[in-house]
Amino acid sequence: MANGNDSKKFKGDRSPCSPSRVLHIRKIPNDVTESEIISLGLPFGKVTNLLMLKGKSQAFLEMASEEAAVSMVNYYTPVPPHVRSQPVYIQYSNHRELKTDNLPNQARAQAALQAVNTLQSGGLTLTSVPGGEGLVLSGQSPVLRIIVENLFYPVTLEVLHQIFSKFGTVIKIITFTKNNQFQALLQYADPMNAHHAKVALDGQNIYNACCTLRIEFSKLTSLNVKYNNDKSRDFTRLDLPTGDGQPSLDTTMAAAFGAPGIISSPYAGAAGFAPAIGFPQAGLSVPGVPGLGPLALTTSAITGRMAIPGMTAIPGHSVLLVSNLNPDAILPHGLFILFGVYGDVQRVKILFNKKENALVQMTDATQAQLAMSHLNGQRLHGRVLRITLSKHQSVQLPREGHEDQGLTKDYTNSPLHRFKKPGSKNFQNIFPPSATLHLSNIPPLVTDEDLKRLFASTGCSVKGFKFFQKDRKMALIQLGSVEEAILALIELHNHDLGENHHLRVSFSKSMI
């Protein structure tokens, strides 16, 4: 182990250990709480154990799966998270699991873990737990109310979407100005995401030393968005009008805030005012946002141009570069199905000279961001995926007569797109890869044994299965690992079960 005071070692020249679900966290502040360390891991999956060594300014965090740990390390490595304004460093531990049963002073850590796990399994009866500060869900609303203080630079709806998407699927945002303060209401698909975002982001700065987020749960449990424009957006309804100059809030909601009927621009008189810092083109790593790693705010997000239906999406931001693929196993169809869980894939190109790399073109920048945040660091065919935004604006098809061995595919008119229908339920069922899959469109004569056999035939181990009580057309199936579930989804989504029923497969947020 590196010892706490040898800071030269921390500049990244330690040889990285191989991935482990136990993470070693260094340089933690003396006054840090257990729940603050746990909250570093929560956006990536379940935290199963914690060991604090405050004397050495170190902690060990054990995640439920290696996949979650890989996602966490990939996420925090480029820009370390800040805890109490101090950067902390995260790497894989040499330990494969944490054994803390016989160690002293573990009561607080275990109480904090128990608090989180009670929340995650949906038992929201907590009021207070010793050592579990900040882990109590004060409201079950999926809607957060956000106030941005010290607004020295414009904060757009797009900036908020990028930041808050790190914690789950954002489905609606409304921004407005009240009491001369820029405020927003933001609705997640799941109240748990809202809780994690509030724990991680409340009190943090978007940019260095300014634009401070103040976050609370809203009394509203759902937002009603009438227009898609730069003040309000419903990401599940790409068919909404832009409503030029119309109020973004309907009157009942306006009354709920006491907001004026017509929402004034947060920058009256400051049109065209862009932040006075030189932003690198590729996107911005923002040290001012502890716990967020690089915020990858694209310049388009900062200047507030965004993909509004009817306008062309911002070029260059809907194409993803996927690297570290397994060249012997990967096909365009597999990437189409996997990335299609997070948006409608238009084209896929596996690079002819370098088959470890592929370009995946999504419908718009929002879908590209979603796919990237959910799939980067996941394992596919034994390799850890690396995903970044590509500099290409679109994927070129091969010229007539130039066949490229089927490495480029156009899916523009595919019947398998999940998000074509405006307001489709699929928008609210976007979850990170998990070992439990949600199955639907099962015909009446297919039994649980049939389905277990079908999944076992792809080479995965089936750990559990259950039909939905209310609707036998749907079921959950639990497999041996997230990687197995990813492969099974690719292979069996749209599988023909007979009787004109094609199986629909997606990741589930539930366990069996």
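In this text the structure is predicted, and so the values were computed from the model without any measurement. By convention here, the first residue in the shown sequence is residue 1.
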Checklist entry - Should F235 and H161 be marked as a ring-ring contact (aromatic ring centres under 6.0 Å, His included) after you check the CA-CA gap, both sets of side-chain angles, and the distance that decides it? => result CA-CA 10 Å; F235 294 95; H161 182 257; 4.1 Å; yes

Next on the checklist: Between S318 and Q361, does the side chain to side chain donor-acceptor pair (under 3.5 Å) criterion hold? Intermediate values first, please.
Outcome noted: CA-CA 6 Å; S318 59; Q361 181 178 338; 5.0 Å; no

Item to check | Stepwise side-chain contact (heavy atoms from CB on, under 4.5 Å) check, V225 with I174 | outcome: CA-CA 7 Å; V225 174; I174 295 173; 3.8 Å; yes

Next on the checklist: Evaluate L320 against M362 for side-chain contact (heavy atoms from CB on, under 4.5 Å), listing each step before the verdict.
Outcome noted: CA-CA 8 Å; L320 297 169; M362 308 298 287; 4.2 Å; yes

Next on the checklist: Apply side-chain contact (heavy atoms from CB on, under 4.5 Å) to residues V341 and I430 and explain how you reach the verdict.
Outcome noted: CA-CA 7 Å; V341 173; I430 297 177; 5.6 Å; no

Checklist entry - Run the side-chain contact (heavy atoms from CB on, under 4.5 Å) check on L160 and V170 step by step: do they pass? => result CA-CA 10 Å; L160 292 176; V170 174; over 6 Å; no

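Proximity of V384 to N74: side-chain heavy atoms (C-beta onward) are separated by under 4.5 Å at one or more points. Using a 4.5 Å cut-off on side-chain heavy atoms (C-beta onward), V345 and L335 make no contact. In this structure, P433 and E483 have side chains that are not in contact, with every pair of non-hydrogen atoms separated by 4.5 Å or more. Within the 4.5 Å cutoff, the side chain of V348 has no heavy atoms near those of the F339 side chain. A 4.5 Å side-chain heavy-atom check between D328 and H381 finds every atom pair outside the cut-off. In this structure, the side chains of V143 and T221 stay at 4.5 Å or more apart for every pair of heavy atoms. A 4.5 Å side-chain heavy-atom check between L61 and M72 finds at least one atom pair inside the cut-off. Within the 4.5 Å cutoff, the side chain of S440 has no heavy atoms near those of the K473 side chain.
Heavy atoms from other residues, nucleotides or ligands lying under 6.0 Å from CG of N500 number 12 at most. Within a 6.0 Å radius of NZ in K452, more than 12 heavy atoms belonging to other residues, nucleotides or ligands are found. Heavy atoms from other residues, nucleotides or ligands lying under 6.0 Å from CE of M511 number 12 at most.
Nearest heavy-atom pair across T436 and S434 is O-OG, 2.9 Å. Heavy atoms only, all atoms of each residue included: L321 and L359 are closest at CD1-CD2, 3.9 Å. Of all the heavy atoms in I486 and R379, the pair that sits closest is CD1-O, 3.7 Å. Shortest non-hydrogen contact noted between R96 and P19 is NH1-O, 2.7 Å. The two residues F431 and Y342 have their closest heavy-atom pair at O-OH, 2.7 Å. Residues A112 and E34 share a closest heavy-atom pair of CB-CB, 3.8 Å.
The closest donor-acceptor contact from the side chain of Q187 to the backbone of L223 lies under 3.5 Å. Listed for the R383 side chain is a donor-acceptor partner under 3.5 Å among the backbone atoms of L325. A donor-acceptor pair is defined here as one N or O able to donate and one able to accept, closer than 3.5 Å; such a pair exists between the side chain of N376 and the backbone of I387. A donor-acceptor contact shorter than 3.5 Å links the side chain of S20 to the backbone of H95. At distances below 3.5 Å, not a single donor-acceptor pair connects side-chain atoms of H501 with backbone N or O atoms of P444. Using a distance-only test at 3.5 Å, with no hydrogens or angles considered, no donor-acceptor pair links the side chain of D234 to the main chain of N228. Looking at T458, its side chain does come within 3.5 Å of a backbone N or O of F455 through a donor-acceptor pair. A donor-acceptor pair is defined here as one N or O able to donate and one able to accept, closer than 3.5 Å; such a pair exists between the side chain of T175 and the backbone of K231. For Q367 (side chain) and D344 (main-chain N/O), a donor-acceptor pair under 3.5 Å exists by modelled atom type. In this structure a side-chain-to-backbone donor-acceptor pair under 3.5 Å is present from D202 to I215.
Of the inter-residue distances, the one linking I337 atom CD1 with L331 atom CG reads 11.5 Å to the nearest 0.5 angstrom. For the atom pair CG of L451 and CZ of F467, the computed distance is 5.5 Å after rounding to the nearest 0.5 Å. With rounding to the nearest 0.5 Å, the separation of CG in L375 from CG in L338 is 4.5 Å. Distance OH/Y411 to NE2/H417: 9.5 Å, rounded to 0.5 Å. The NE2 atom of H493 sits 8.0 Å away from atom OG of S506, with the distance rounded to the nearest 0.5 Å. Interatomic distance, OG of S481 versus CG of L479, reported as 8.0 Å (0.5 Å rounding).
Counting only N and O atoms by type, the side chains of T447 and D450 include a donor and acceptor under 3.5 Å apart. Counting only N and O atoms by type, the side chains of T48 and E62 include a donor and acceptor under 3.5 Å apart. If you check the side chains of E356 and S323, you find no donor sitting under 3.5 Å from an acceptor.
With sequence neighbours left out, the side chain to side chain contact (heavy atoms under 4.5 Å, CB included) criterion links P241 to Y227.
Note: H333 and F336 have tilted aromatic rings, judged against thresholds of 30 and 60 degrees for the angle between ring planes. Taking the six-membered ring where tryptophan is involved, the planes of Y188 and F164 are tilted, since the angle between them lies from 30° to 60°.
Figure legend: K355 and F352 shown as a cation-pi pair, the cationic atom lying under 6.0 angstrom from the six-membered ring centre and within 45 degrees of its axis.
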